[in-house]
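Right, one structure below, let's go through it.
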Amino acid sequence: MLEEQERDEAPYNGPVDLPDSYEPEDDDQEPHGPSLTDDIMALLEDGRTYAEAEMAYQKSRAGFAANRFKGAIAFGLGAFGVLHLALIAMTVGLVIALVPLVGPWIATAIVTAALIGLGLLFLSLLKTRIDEIRDAFSDSGDE
């Protein structure tokens with residue numbers, strides 16, 4: 001009880017968790033920590049760093065896509081070549097299969113006429129698609 005009374009009557013020296021060498025800051029000193037301009041400059045620097053990293057990422061991504069695209073073109077051309085050869089073989093096979101039935105000249109004419117008809121059908125479908133595209137981009141306003 002006597003200790004409590006002495007403690008209550010003792011002058012206040014500040015918080016007890018501060019070190020003995022602690023000196024309170026003077027009010028006329030500049031505040032610690034970054035200023036607003038420092039924050040803005042750091043934000044601009046971070047933005048520039050982010051933009052550089054994003055550009056590097058997009059460049060590497062584009063390089064990867066270009067590399068894969070070249071491979072895809074090579075495989076596509078290979079597939080086109082093989083399919084073209086298969087269609088030639090089928091055409092020759094049709095002619096050979098029709099020779100015993102109608103003779104070599106008529107078999108060749110039948111297969112040629114069928115291929116020309118199929119080609120004309122594809123050209124007609126192509127023209128229709130091109131006309132649809134042209135109509136979609138025309139300024140006539142016939143919608």
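- Here I73 pairs with F69, L77 under the side chain to side chain contact (heavy atoms under 4.5 Å, CB included) rule; sequence neighbours left out.
- Residue pairs meeting the salt bridge (Lys or Arg N to Asp or Glu O under 4.0 Å) criterion with at least one partner in residues 70-97, sequence neighbours excluded, do not occur; the list is empty.
- Put simply, V92 and L87 are part of two different groups of oily side chains (I, L, V, M, F, W, Y) that touch within less than 4.5 Å, one to the next.
- We find the CD1-CG distance between I88 and L83 to be 11.5 Å, quoted to the nearest 0.5 Å.
- Here the shortest heavy-atom pairing between V95 and A107 reads O-CB, 3.7 Å.
- Atom-to-atom distance recorded for F80:CZ and H84:NE2 is 6.0 Å, nearest 0.5 angstrom.
- Hydrophobic cluster membership is shared by I106 and V99, with clusters built from Ile, Leu, Val, Met, Phe, Trp and Tyr side chains linked at under 4.5 angstrom.
- The closest side-chain heavy-atom distance from E54 to Y57 is below 4.5 Å.
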Would you give me the side-chain donor-acceptor pairs under 3.5 Å for residues 108-129, sequence neighbours excluded?
unit_1, atom_1, unit_2, atom_2, d
T108, OG1, P104, O, 2.8
T112, OG1, T108, O, 2.7
K127, NZ, D131, OD2, 2.9
T128, OG1, S124, O, 2.9

